[in-house]
Amino acid sequence: MGIESPTAYRIPGTRLTPQYVLADANSFFASCESVFDPSLAGRPVVVLSNNDGCVVARSPAAKRLGIVNGTPWFKIRERADADGVVARSSNYELYASLSHRMMHVMARFLPEQEVYSIDECFMLSLWDDQRTQAICTDLRTAVLRSVGIPVSVGVAPTKTLAKVANHWAKNHPSSDGVTLWSRVATEDGDRALASVPVGEVWGVGRRLTRKLESMGILTALDLRQADPVMIRRRFSVLLERTVLELNGRPSIEPEEDANDGVRRQQILCSRMFSQPVTGFETLSQALGVYAQKACSHLRRQGSLCSRVRAFCSSSPYTRGQYSSASGSIDLEDPSDDPLTITKAARKALAGGIDPHAEYIRAGVVLEGLQNAGGYQPLAGFEAGRDQGLGPVLEEAARRFGPFRVGIGYGGVRGQGQQDDDTGGEWAMNRRMLSPRCTTRWDEMATVHAI
DNA sequence: TCTGGGGTCCTAGGACCC
DNA sequence: TCTGGGGTCCTAGGACCC
C-alpha cells in the first residue's frame, strides 16, 4: 500500500505531555452511502432519519446547496428533487460495519484509542509536531484507501481544543485534513479562537449559547478568558471544565470502557411510529418489540437489569393536547429474561395512558444494570431467573435471522426489507434503504469487469 | 400525509433520618 | 402543633453530545 508501518513511528520524541488526536469522519453517513455506489461521488446526497423524517447527514455537495441538518424531508423534498439530490434512508447496519473497520485501521497508528461515537475517536500522540503530523497524514490516507471514508484530524493539548482543531481542518482546505492546534495558535495567536462562535465549542449547546451571548461571551476566545469560578457558579462544573480545556488544561476524563461501549448505565430502545397509535393494545405490541430489542442488547453485553421503564408520547408538533406517560417496574430479581422484561415493560404503562391520546412514539429503558457474572441470587431464590427463553431466542435469531421468533409482535415478520419491520401498522418506514453490502450475503455489491 | 435514536452527566428538590 | 440544622438517598428534569 506504500504506507509506512505505524510501528516505524514508535520512537519516543521530545514531547513530555501527550497531545490529544481527534479523528472524525467527514459527513460520515453520506460518505458511507458513496462507498459502494460510486455514482454518488460528488453528488448531493442526504441521509434521512428513521421514518424518512428529517435530514441527519449531507454530502459536501448537499451542504453547498444550503440543506441544513434536522430539516424535515417533506419540507424540502420538491426542491431537492429538482436539484438532483439523492436521498437515502439511514442504514445503521452498514454504517456500524464501516465504522468498525475504520476504527480498526486507525488504532494501528496511535495508542489509547477511545471510540467516542460512531464516526469519531480520540487517540494520543506522544511525539513532536513534525512526527505527529506525518502519522496523522498517513492515518488519513490509510482510512481513505482501505475503507473509503475521508476523515479529518485535529491535534491539541486538550480534547476540547482538539475538537476546535478538527473543525479547523474541515473548514480550511489548505490544512489537507490535518490541523495541529499548536501551529494554528502560533501563527494566528488568539485570532483563531476569536473566529470560533461560542456555540460551536464542544459542550456549549443552544441554551448555553443564548445565555453566554447575553453576557457578552460571543466567541471561543471570550469563553477562554472567562473566570472559571464565575462560570461554575452561574452555570455548572461541566462548563467550567470547558473553560479550563480552552486554556490548555486537560479536564475531561476518558469515558469509562468507551472502547467497546460495553458497560452502559442504561439501555434504551424507542421509536416514532409511522402513524399515530391509540389505546393500550396496540401500544403494548410496540412496547413488546422494543423490550425484546433492548433485552438482546442487555444480553449481548452480559448484564442484568433491575428496573424496566416504559414511556410514550404524542406529537409535540400537532395542535391540540400534548400527552405523555411513563412508568417503571422494579423487578423482584435482576433479570435478562426476555419474557420477564417484556411483561414488565407492558405493565409499566398499563393503566397509565390516556385511552384517547394519539401516541406517536414509545420506548423502553432498562435501568439498574449490573454484571450478570457477578450476580449471586440468595440461596433458594434462583427461581426468578428463567435461563430457558433468552438463549433459545438468541439461537433462533442466529440460525434463522432476527425477528423470526419472539414474543408477540417480536416474532412477526412483515414484507419490508428491514428485519424489524414487524408488519404492525405502526412500524416505521424506510423507503430508500441502500444495500447492506458488508453484512448480508444477498446484498453484497456486484462489480462488473469490462 | 410527512419533524430521529441512543446515550451521558449534573442539579434541584423532596423524603427521610438523627 | 411548631420549632432547627445537617446529612443521605432518590428521582425528575434539563442540558449536552453525535
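This structure is a prediction, so every number in the text was calculated from the model and none was measured. Letters A, B, ... mirror the listed sequences (proteins, then strands); counts begin at 1.
Nucleic acid contact class of A:K163 (heavy atoms, under 4.0 Å, all strands): sugar-phosphate only. Heavy atoms of A:I267 sit under 4.0 angstrom from primed sugar atoms or phosphate atoms, though from no base atom. A:L208 comes within 4.0 angstrom of sugar-phosphate atoms only, judged by non-hydrogen atoms across all strands, and of no base. As judged by a 4.0 angstrom heavy-atom cut-off over every strand, A:R206 is placed among residues touching the sugar-phosphate backbone only. Counting any heavy atom pair closer than 4.0 Å across all strands shown, A:R307 reaches sugar-phosphate atoms only and no base atom. In this structure, A:E120 reaches the sugar-phosphate backbone alone: every heavy-atom distance under 4.0 Å involves primed, P, OP1 or OP2 atoms, never a base.
Here the separation of B:dC16 from C:dG4, taken at their C1' atoms, is 16 Å to the nearest Å.
Counting all heavy atoms, side chain and backbone alike, A:C305 lies closest to A:L331 at O-CD1, 3.5 Å. The minimum heavy-atom distance between A:G363 and A:Y290, with the atom names listed, is CA-CD1, 4.1 Å. Across every non-hydrogen atom of A:A30 and A:S59, the tightest pair is CB-N, 3.6 Å.
For A:R43, the side chain to side chain donor-acceptor pair (under 3.5 Å) criterion is met by no residue, not counting sequence neighbours. The side chain to side chain donor-acceptor pair (under 3.5 Å) test applied to A:K347 returns no partner, not counting sequence neighbours. Checked against ring pair (Phe, Tyr, Trp, His ring centres under 6.0 Å), A:F36 has no partners two or more places apart in sequence or in another chain. Not a single salt bridge (Lys or Arg N to Asp or Glu O under 4.0 Å) links A:D52 to another residue, sequence neighbours left out. Taking the ring pair (Phe, Tyr, Trp, His ring centres under 6.0 Å) definition, one finds that A:W168 meets it with A:H172, sequence neighbours left out.
Of the N and O atoms on the side chains of A:N51 and A:S274, not one donor lies less than 3.5 Å from an acceptor on the other residue.
For residues 238-249 of chain A, the pairs satisfying salt bridge (charged side-chain N to carboxylate O under 4.0 Å, His left out) are A:R232-A:E240, with sequence neighbours left out. Residues in residues 352-367 of chain A take part in these salt bridge (charged side-chain N to carboxylate O under 4.0 Å, His left out) pairs, two or more places apart or across chains: A:R307-A:E367, A:R309-A:E367. The side chain to side chain donor-acceptor pair (under 3.5 Å) contacts involving residues 213-229 of chain A comprise A:D190-A:R224, A:T219-A:D222, where partners must be two or more places apart or lie in separate chains.
For A:L268, taking side-chain heavy atoms from C-beta onward, the closest of the listed nucleotides B:dG7, C:dC16, C:dA12 is B:dG7. Nearest nucleotide to the side chain of A:C269, out of B:dG6, B:dG7, C:dC18: B:dG6. Nearest to the side-chain atoms of A:R271 among the listed nucleotides C:dC16, B:dG5, B:dC2 stands B:dG5. The side chain of A:S270 lies closest to B:dG6 when the candidates are B:dG6, C:dC18, B:dT3. Taking only side-chain atoms of A:W202, from C-beta outward, the nucleotide of B:dT8, C:dC17, B:dG5 with the closest atom is C:dC17.
When rounded to the nearest whole Å, the span between CD of A:E367 and P of B:dG6 equals 15 Å. Atom CE of A:M272 is separated from atom P of B:dG5 by 6 Å (rounded to the nearest Å). The nearest whole Å value for the distance from the CD atom in A:Q266 to the C1' atom in B:dT8 is 8 Å. Note: CD (A:E114) to C1' (C:dC18) measures 14 Å, nearest angstrom. B:dT1 atom C1' lies 16 Å from atom OH of A:Y317, rounded to whole Å. We find that CG of A:L223 is positioned 13 Å from P of C:dC16, with the value rounded to whole Å. The interatomic distance linking A:L366 (CG) with B:dG6 (P) rounds to 12 Å, in whole Å. Atom CD in A:E245 sits about 17 Å away from atom P in C:dC16, given to the nearest Å.
Within the 4.0 Å cut-off from OP1 or OP2 of B:dT1, not a single side-chain nitrogen or oxygen of A:K75 is found. Remark: A:R361 is not in phosphate contact with B:dG6, judged by side-chain N or O atoms under 4.0 Å from OP1 or OP2. Applying the 4.0 Å criterion to OP1 and OP2 of C:dC17, one finds that A:S117 has every side-chain N and O outside that range.
Between the side chain of A:S99 and the backbone N or O of A:I118, at least one donor-acceptor pair lies under 3.5 Å. For the pair A:Q301 (side chain) and A:H297 (backbone), a donor-acceptor distance under 3.5 Å is absent. Of the possible donor and acceptor atoms, none in the side chain of A:T282 sits under 3.5 Å from a partner among the backbone N and O of A:G279.
Interface residues of residues 50-73 of chain A facing DNA chain B, ordered by number: A:N50, A:G53, A:P72; criterion, heavy-atom separation under 4.0 Å. In the region residues 21-33 of chain A, proximity to DNA chain C at under 4.0 angstrom, judged on heavy atoms, holds for none of the residues.
Taking the centre of each ring, A:Y20 and A:W202 stay at or above the 6.0 Å mark.
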Where does DNA chain C pair, written as one dot-bracket string 5' to 3', with Watson-Crick or G-U pairs under 3.5 Å, ( ) inside the strand, [ ] for crossing pairs and | for another strand? ....||||||||||||||
Interface polar pairs with nucleotides 9-11 of chain B, N/O, under 3.5 angstrom:
from, atom 1, to, atom 2, distance (Å)
B:dC9, OP2, A:Q265, OE1, 3.3
B:dC9, OP2, A:Q265, NE2, 3.1
B:dC10, OP1, A:R241, NH2, 3.4

